[in-house]
Amino acid sequence: MIIADSSAWISLLRKDNVEVAAKLRSFIPRGLLLVSDIILLEVLRGARDDRHARWIEQNFREFPVVGMLSPSLAIKAAGNYRKLRSKGITIRKTADLIIGTYCIEHGHSLLHSDGDFLPMAEYLGLQIV
């Protein structure tokens, strides 16, 4: 399965990263996408108003939604953070660390347009679409 990070959904909504938006559009009808609670939060947080938020929420209902964070995943994500820090790399957003670790642990690929995921792919085995 593929998890599209909020950066990919935002690219689709804003039409600002044509390549990522096109990939995301191609996955939608194929039933390959999972949405996470964290990504849903991030996308809804950027809604212009309540009406826009309801529209986003309604459209996301067509995808399975998974909860990402658990005690065991928190421990693994913290370990991944330390591993990257030992290489001089700092993942700036905790949400990105959780999303990347979740994908690694569950064998999902990630669609994104966020540079925080690149070292996770290089050093931790995160699969990028």
Side-chain angles (χ1 to χ4, degrees):
M1 294 296 283
I2 297 166
I3 293 184
D5 178 55
S6 58
S7 62
W9 289 106
I10 291 166
S11 291
L12 181 66
L13 292 168
R14 291 184 182 166
K15 301 175 177 99
D16 63 0
N17 186 327
V18 176
E19 182 181 333
V20 170
K23 283 183 184 180
L24 181 52
R25 255 191 237 99
S26 77
F27 295 136
I28 290 171
R30 295 167 37 198
L32 299 174
L33 292 172
L34 288 176
V35 172
S36 81
D37 52 357
I38 295 170
I39 293 166
L40 180 60
L41 167 64
E42 288 183 323
V43 175
L44 287 172
R45 187 180 69 179
R48 292 183 301 270
D49 52 35
D50 287 343
R51 182 177 180 184
H52 187 220
R54 283 190 302 274
W55 179 83
I56 292 169
E57 184 181 347
Q58 185 176 26
N59 282 285
F60 271 51
R61 287 178 194 224
E62 70 180 86
F63 307 104
V65 178
V66 296
M68 285 195 160
L69 192 57
S70 66
S72 64
L73 194 100
I75 292 166
K76 289 178 182 181
N80 285 340
Y81 181 83
R82 288 190 305 276
K83 185 174 185 178
L84 292 172
R85 283 294 298 143
S86 73
K87 298 181 179 309
I89 300 163
T90 301
I91 301 300
R92 298 168 293 139
K93 295 174 258 167
T94 301
D96 289 350
L97 189 63
I98 294 165
I99 292 164
T101 301
Y102 182 89
C103 288
I104 293 165
E105 294 300 312
H106 290 87
H108 300 309
S109 297
L110 182 68
L111 176 64
H112 71 92
S113 64
D114 183 330
D116 268 350
F117 293 112
L118 299 177
M120 296 179 81
E122 184 175 350
Y123 296 108
L124 302 175
L126 175 63
Q127 298 297 308
I128 303 294
V129 178

Asker: Using every non-hydrogen atom in the two residues, find where Ser7 and Ser113 come nearest and quote the distance to one decimal.
Answerer: OG-N, 2.9 Å
Asker: Report yes or no: do Ile2 and Ile28 belong to one cluster of Ile/Leu/Val/Met/Phe/Trp/Tyr joined by side chain heavy-atom distances under 4.5 Å?
Answerer: yes
Asker: Side-chain polar contacts of residues 114-129 - donor-acceptor pairs under 3.5 angstrom, sequence neighbours left out - could you list them?
Answerer:
residue: Asp114; atom: OD1; partner: Asp116; partner atom: N; Å: 2.9
residue: Asp114; atom: OD2; partner: Lys93; partner atom: NZ; Å: 2.7
residue: Asp116; atom: OD1; partner: Arg92; partner atom: NE; Å: 3.3
residue: Asp116; atom: OD2; partner: Arg92; partner atom: N; Å: 3.4
residue: Gln127; atom: NE2; partner: Gly125; partner atom: O; Å: 3.3

Asker: If you look at every heavy atom in His52 and Ala47, which pair is closest and at what distance?
Answerer: ND1-CA, 3.4 Å
Asker: Is there a side-chain contact between Thr90 and Arg85 (heavy atoms, below 4.5 Å)?
Answerer: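 With C-beta onward as the side chain, the pair touches.
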Asker: Under a single-linkage definition using a 4.5 Å side-chain heavy-atom cutoff for Ile, Leu, Val, Met, Phe, Trp and Tyr, are Leu34 and Val65 assigned to the same hydrophobic cluster?
Answerer: yes
Asker: Tell me whether Ile38 is reachable from Ile75 by hopping between hydrophobic residues (I, L, V, M, F, W, Y) whose side-chain heavy atoms are closer than 4.5 Å.
Answerer: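 No, no single cluster joins them.
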Asker: Could you tell me the separation between the CD1 atom of Ile89 and the CG atom of Asn80, rounded to the nearest 0.5 Å?
Answerer: 11.5 Å
Asker: Checking Asp5 side chain against Ala8 main chain: does a donor-acceptor pair fall under 3.5 Å?
Answerer: no
Asker: Would you say Met68 and Ile3 make side-chain contact, with heavy atoms under 4.5 Å?
Answerer: yes
Asker: Find the distance between CG (Asp37) and CD (Glu42) and round it off to the nearest 0.5 Å.
Answerer: 10.0 Å
Asker: Please round to the nearest 0.5 Å and tell me the distance separating atom CG of Leu44 and atom CG of Asp50.
Answerer: 10.5 Å
Asker: Give the minimum heavy-atom separation between Leu24 and Leu33, together with the two atoms involved.
Answerer: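 Closest approach of Leu24 to Leu33: CD1-CD1, 3.6 Å.
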Asker: Ser6 and Ile39: which non-hydrogen atoms are nearest, and at how many Å?
Answerer: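 Ser6 and Ile39 have their closest heavy atoms at N-CG2, 3.6 Å.
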Asker: Do the side chains of Ile98 and Ile10 join up, straight or via other hydrophobic residues, at under 4.5 Å, putting them in one cluster?
Answerer: no
Asker: Students often mix this up, so state it plainly: with edges at 30° and 60°, are the rings of Phe63 and Phe60 parallel, tilted or perpendicular?
Answerer: perpendicular
Asker: Treat each ILVMFWY residue as a node, draw an edge where side-chain heavy atoms are under 4.5 Å apart, and state whether Leu41 and Leu73 are in one component.
Answerer: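 Result: no, two separate clusters.
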Asker: Looking only at heavy atoms, what is the nearest atom pair of Ala21 and Ser11, with distance?
Answerer: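 Result for this residue pair: CB-O, 4.0 Å.
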